[in-house]
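These values consider heavy atoms only, across backbone and side chains, with no hydrogens, waters or symmetry-generated copies. Protein chains get the first letters and strands the later ones, always in sequence-line order, with residue 1 at the start of each. In this text the structure is predicted, and so the values were computed from the model without any measurement.
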Amino acid sequence: MAESAKTVELPKTYDPAATEERWYRTWDTRGYFRALPDPAMRPYTIMMPLPNVTGELHMGHALNNGVQDCLVRWQRMRGRMALYQPGTDHASIAVHVVMERRLAREGLTRFTLGRERFLEETWKWREQIGQTILGQMRRLLLSCDWERTTFTMDPGYARAVAECFIRLFKKGVIYKGKRMINWCPKDQTSISDLEVEYVEEQTVLYHVRYPGADGSAGIVIATQRPETILADAAVAVHPDDPRYRALVGTRVIVPIVNREVPVIADRRVERGFGTGAVKITPGHDPLDYEIGVDHELPVLIAFDQHGKMEDLGRPRYRGLDRVQARQAAVDDLRSAGLLVREEPYVTNIGRCDRCKTTVEPYISDQWFCRMKDLAAPAIRAVREDRVRFHPARWTKFFLDWMEQIRDWNISRQLWWGHQIPVWHCACGEMIASIERPASCPKCGGAALTQDPDILDTWFSSALWPMATLGWPDETADLRYFYPTSTLVTARDIIFLWVARMIMFGLEFRGKVPFADVYINPTVLNIEGRRMSKSLGTGLDPLALIERYGADSLRFALINRCTGEQDLRFSEKMVEDTRNFANKIWNAARLVRLHIEGRDVPAARPRDTRSLPNRWILGRFARAAADVTGALESFEFSVACRRLYEFVWNEFCDWYLEMAKVDLQAAEDGRAPIGEGAAGETRHVMSWVLAQTMALLHPIMPAVTEEIWQALPHDGETVMRAPWPDAPREWMDEAADGAMAEVMEITSAVRGLRAEMALATQPVGVSLHFGPADRGRIDGARLYLAHLAHLDADRLQVSGLDEHPPYGIPSPCGTGRIEIHVDSPDLRARVRDRFQKQLGSVEQELAGVTKRLQDPVFRQKAPAETVEATGTRASELRARLDTLRRYVADLAPRGGA
RNA sequence: GGGCGCGUAGCUCAGGGGUCAGAGCGCUUCCUUGACACGGAAGAGGUCCGAGGUUCAAGUCCUCGCGCGCCCACCA
């Protein structure tokens, strides 16, 4: 209350930059963002999807975090103890790519630097950039509990990661083994299946003859990768393929290397593809590997870890890269006369998600996490709605993947990250332990070395909802804030992150990590293309904040969350929202003007009498209910649209204009509702505006706080104002009806005047209504005059039978309007207008009549529909009659 | 190969069986009236992607196409 007495300077144009900066600092220093366990309150928790330390804030963050902050602020106002957990991810491979790029500028690689120096450099770099993105997030006005900021390589977090690994290892869920994995020859590491991105490319399918060992013609196979011929171990055909049945069991000669291999039969061969015969290269193709295992074929390796050719008895190939090797193989095949055919072919090439290098299927010793058993409880949890996706279609998307889940390669041959907590003894024993064990429990040896590999970044981020709250310790935070409430994230990490959090949460806590998952749309530019810095197709959120304010950026983005998978965005949308903010600002200035220096209560107004006051309270209740409902069902664009409509159309366009009349009339001593009208109106206008600010605060935190503070209010911040409720009894149907009439008459007068180009001329207008309506309309006369921009003296209300000395009539509801002008030209123009309307009414009436005369319609359509159609028909007939009469009345007089 | 989403006014999107199809922006005309020209008022503008079907009634439901986007998949 004390705050309201202060005179707050409200300039003509709202200045977002200064206001946002000032309020954000105030909220932060007053500790409003802190969240501590409080048994008296229900917790509400959102974990920020941890941004990489590589990046800067982009539009995706602005949207994602904007939505989260909207939810957090909303729940905080609803009385929940709201925790918004911030932090950053070490982003192992992504950081490697960035660091290697920096090193490359000095002609270095991580290997010339060595592991220790590389880590030192990376830590330095991360210190420098690590807080940048969080700093930028403050510009979005996020109400995070910054004191809890966590980095995924903090000591406590690292301990949680190691603990998780060790538990799963001891349980046998994590195992080590030689398997075929995806290898990135550039980053020098394995990557998981989800980190391979497949791109369609135009290649060539080579048909190659493998001559029979007995000198016969042999067999023709088809391959895209002739360079791997050197490592072939067999040729396979389908057992039921009559073309090749006789050849199964014989031996053929591998071209180039002239090695004998068997022709084998396997059902996994597609008869219809290529020639129906396929070369088997267990070292470089996942399917071939499987077939090789089943047929006990030898595994030959054609490429080393750098993607360079090994020596396979053909020295001229040694050291060639994959492109050179292919060329060499094609040349050799051609000169040997074994290249039968080359056909153009489109295929999917797997590329490293981070560096875009073509990945190589490669056999290596790696750590894996068995997924089937972890997935089962997660599948059940989602099926039982313990985790709900919004929009719901993502549920199927999630389940389809989970049901065909495969083991996860979790080890990386990188340095930046969590090193695997396993110690190898010379005797072959592996000991999982956070600390280096003193000796090997099996042989007693002391020469233990830690496994050099580190863990996939996503292994550690899977623990985010638990590790940030203190897990594996049973902390008060963990007990209070876990499970969290809502996860807001992008669809591209549903498998990488969301799925794994659910699995680990269930595994280690027995509880799902969050109840709701909102999948936010992807921000595209206006042409529908991905925003990309390198392509120059992106928008910079920080620049937009500078130009228009974070409030506007937030609203503009949240407004586009429609439930579709993408959203097309442009700067214009932020500008439009800036205009909206300015509109609110000016509404506030008007309200301030009227309450300045007066004693206006902060409490909610009761027993209002004036039409606009009763009406706007009802409309506010409706808007509050709609906004609440929309937020509850994650329909953010609906919430935004309702707020926009309420503020601009209902509050500003109609209510405030009518409120001006109440206030002015009170001064003149002719208030429509008598004494006290001005006080009531001042109370209602300031209360509704303050409440609207509360309703809009989660989306536009700063401008709403600034205005709320300038109005009568209870409490010290809108951040903690109670969320507006919407009592049904405020929805005032009588007021709605009366207002609809006021609006109709207003529009009719305005429209007619505009049509006649009389909008600015002082004309007289009379409203002619029957005895039942006259009193009511006369009561609204002052409002109508103001809304139609007429002098009150020039607007009269008369009976239906009365006629002004001269005038141009126009129907309006149950009565008519007369504009007091005498001009044959205008009469003709208005007559034309009515004639046009007449045409469309006739057309519609014809349609409705036809329907009504159709016996099948009368019989089959529900009674209410038939009745409504009948009502519509009589309305149309009445309107038609009226229009015809007016057209006749307006006909040129006396034939002159 | 399979799955999902989208196709409605020039643009971005609402509407998801029934009463002349809606909003914002843009456009046209008028207006600087004491909250706001980042504003007010009035307008113009639509074979609701196409073809079939269901229904008394179809942007709205079904089927099949076409176009755009996303995801999954070991036909080399």
Any side-chain N or O of Ser637(A) below 4.0 angstrom from OP1/OP2 of rC13(B)? no
Are there any protein N/O atoms within less than 3.5 Å of an N/O atom in nucleotides 16-20 of chain B, and if so, which ones and at what distance?
{"unit_1": "rU19(B)", "atom_1": "O3'", "unit_2": "Glu844(A)", "atom_2": "OE2", "d": "3.4"}
{"unit_1": "rU19(B)", "atom_1": "O2'", "unit_2": "Arg872(A)", "atom_2": "NE", "d": "2.7"}
{"unit_1": "rC20(B)", "atom_1": "OP2", "unit_2": "Glu844(A)", "atom_2": "OE1", "d": "2.9"}
{"unit_1": "rC20(B)", "atom_1": "OP2", "unit_2": "Glu844(A)", "atom_2": "OE2", "d": "2.1"}
{"unit_1": "rC20(B)", "atom_1": "OP2", "unit_2": "Arg872(A)", "atom_2": "NH2", "d": "3.2"}

Base partner of rA35(B), which must satisfy Watson-Crick or wobble distances under 3.5 Å: none
What is the nucleic acid contact for Thr13(A), judged by heavy atoms within less than 4.0 Å: base, sugar-phosphate only, or nothing? base
For Val204(A), all residues meeting side-chain contact (heavy atoms from CB on, under 4.5 Å), sequence neighbours excluded: Tyr206(A), Glu342(A)
Can you tell me if Tyr345(A) touches the phosphate of rA76(B), counting only side-chain N or O atoms and a distance under 4.0 Å to OP1 or OP2? yes
What's Arg225(A) touching, base or sugar-phosphate or nothing? Going by heavy atoms closer than 4.0 Å. nothing
Taking CH2 from Trp394(A) and P from rC72(B), how many angstroms apart are they, rounded to a whole number? 11 Å
Value for CD1 (Ile707(A)) from OH (Tyr14(A)), rounded to nearest 0.5 Å, stands at 7.5 Å
On RNA chain B, check which nucleotide each of Ser747(A) and Tyr198(A) is closest to and give me the residue with the more 5' one. Ser747(A)
Considering every strand and a 4.0 Å limit on heavy-atom distances, what is the contact class for Phe398(A): base, sugar-phosphate, or nothing? nothing
Hunt down the Watson-Crick or G-U wobble partner of rG24(B), both distances under 3.5 Å, from any strand shown, or write none. rC11(B)
Rounded distance (Å) that lies between atom P of rA42(B) and atom CG of Leu752(A): 13 Å
Checking all strands, does Arg858(A) fall into the base, sugar-phosphate, or nothing category for heavy-atom contacts under 4.0 angstrom? nothing
Members of residues 279-292 of chain A that approach RNA chain B, where some heavy atom sits under 4.0 Å away: Leu287(A)
Pairing check on rA57(B): which nucleotide meets the Watson-Crick or G-U wobble criteria with it, both distances under 3.5 Å? none
Holding to side chain to side chain donor-acceptor pair (under 3.5 Å), I want the full list of residues that pass it with Ser192(A), two or more places apart in sequence or in another chain. Glu195(A)
Show me the donor-acceptor pairs, under 3.5 Å and distance only, between side chains in residues 848-861 of chain A and residues at least two apart or in other chains.
{"unit_1": "Thr849(A)", "atom_1": "OG1", "unit_2": "Leu845(A)", "atom_2": "O", "d": "2.5"}
{"unit_1": "Asp854(A)", "atom_1": "OD1", "unit_2": "Val856(A)", "atom_2": "N", "d": "3.0"}
{"unit_1": "Arg858(A)", "atom_1": "NH1", "unit_2": "Leu852(A)", "atom_2": "O", "d": "2.8"}

Any side-chain N or O of Trp648(A) below 4.0 angstrom from OP1/OP2 of rG40(B)? yes
Does rG16(B) have a Watson-Crick or wobble partner in any strand here, with both distances under 3.5 angstrom, and which is it? none
Which whole number of Å gives the distance between the C1' atom of rA35(B) and that of rG17(B)? 45 Å
Please identify each residue that fulfils side-chain contact (heavy atoms from CB on, under 4.5 Å) with Glu270(A), with sequence neighbours left out. Phe273(A)
Within residues 565-583 of chain A, find the residues that approach RNA chain B with a heavy atom at under 4.0 Å, and present them sorted by residue number. Gln565(A), Asp566(A), Arg568(A), Lys572(A), Met573(A), Asp576(A), Arg578(A), Asn579(A), Asn582(A), Lys583(A)
Quick check on RNA chain B: between Tyr644(A) and Gly563(A), whose nearest nucleotide comes earlier from the 5' end? Gly563(A)
Counting Watson-Crick and G-U wobble pairs only, both distances under 3.5 Å, name the nucleotide matched with rC70(B), or none. rG3(B)
Partners of Ser552(A) by side chain to side chain donor-acceptor pair (under 3.5 Å), sequence neighbours excluded? none
Are Asp232(A) and Ile280(A) packed together at the side-chain level, in the sense that at least one heavy-atom pair is separated by less than 4.5 angstrom? no
Mind checking what makes ring-ring contact (aromatic ring centres under 6.0 Å, His included) contact with Trp654(A), not counting sequence neighbours? none
Between rG39(B) atom C1' and His789(A) atom NE2, what is the distance in whole Å? 12 Å
Check ring-ring contact (aromatic ring centres under 6.0 Å, His included) between Tyr644(A) and all other residues, then give those that pass, not counting sequence neighbours. Phe580(A), Trp648(A)
Please give, in whole Å, the distance from rG40(B) P to Asn586(A) CG? 10 Å
Interatomic distance, Asp241(A) CG vs rC75(B) P [rounded to whole Å]: 19 Å
Which part of the nucleic acid, if any, lies within reach of Arg879(A) when heavy atoms closer than 4.0 Å are counted: base, sugar-phosphate only, or nothing? nothing
With a non-hydrogen cut-off below 4.0 angstrom, is Ile526(A) in contact with a base, only sugar-phosphate, or nothing? sugar-phosphate
Take the protein atom CH2 of Trp497(A) and the nucleotide atom P of rC71(B), then report the distance between them rounded to whole Å. 19 Å
In whole angstrom, give the distance that lies between atom CD1 of Ile181(A) and atom P of rC74(B). 16 Å
Which part of the nucleic acid, if any, lies within contact of Val269(A), taking any heavy atom under 4.0 Å across all strands shown: a base, the sugar-phosphate backbone alone, or nothing? base
Does Arg322(A) have any side-chain contact (heavy atoms from CB on, under 4.5 Å) partners at least two apart in sequence or in another chain, and if so, which? Pro185(A), Arg225(A), Phe303(A), Thr357(A), Thr358(A), Glu360(A)
How is Glu657(A) classified with respect to the nucleic acid when contacts are heavy atoms under 4.0 Å: base, sugar-phosphate, or nothing? base
Look at the side-chain N and O atoms of Arg529(A) and state whether any lies under 4.0 Å from the OP1 or OP2 oxygen of rC68(B). no
If we only count heavy atoms from C-beta on, is the Ile819(A) to Ser810(A) side-chain gap below 4.5 Å? no
All side-chain contact (heavy atoms from CB on, under 4.5 Å) counterparts of Asp294(A), not counting sequence neighbours: Arg268(A)
How many angstroms lie between CZ in Arg750(A) and NE2 in His789(A), if you round to the nearest 0.5 Å? 5.5 Å
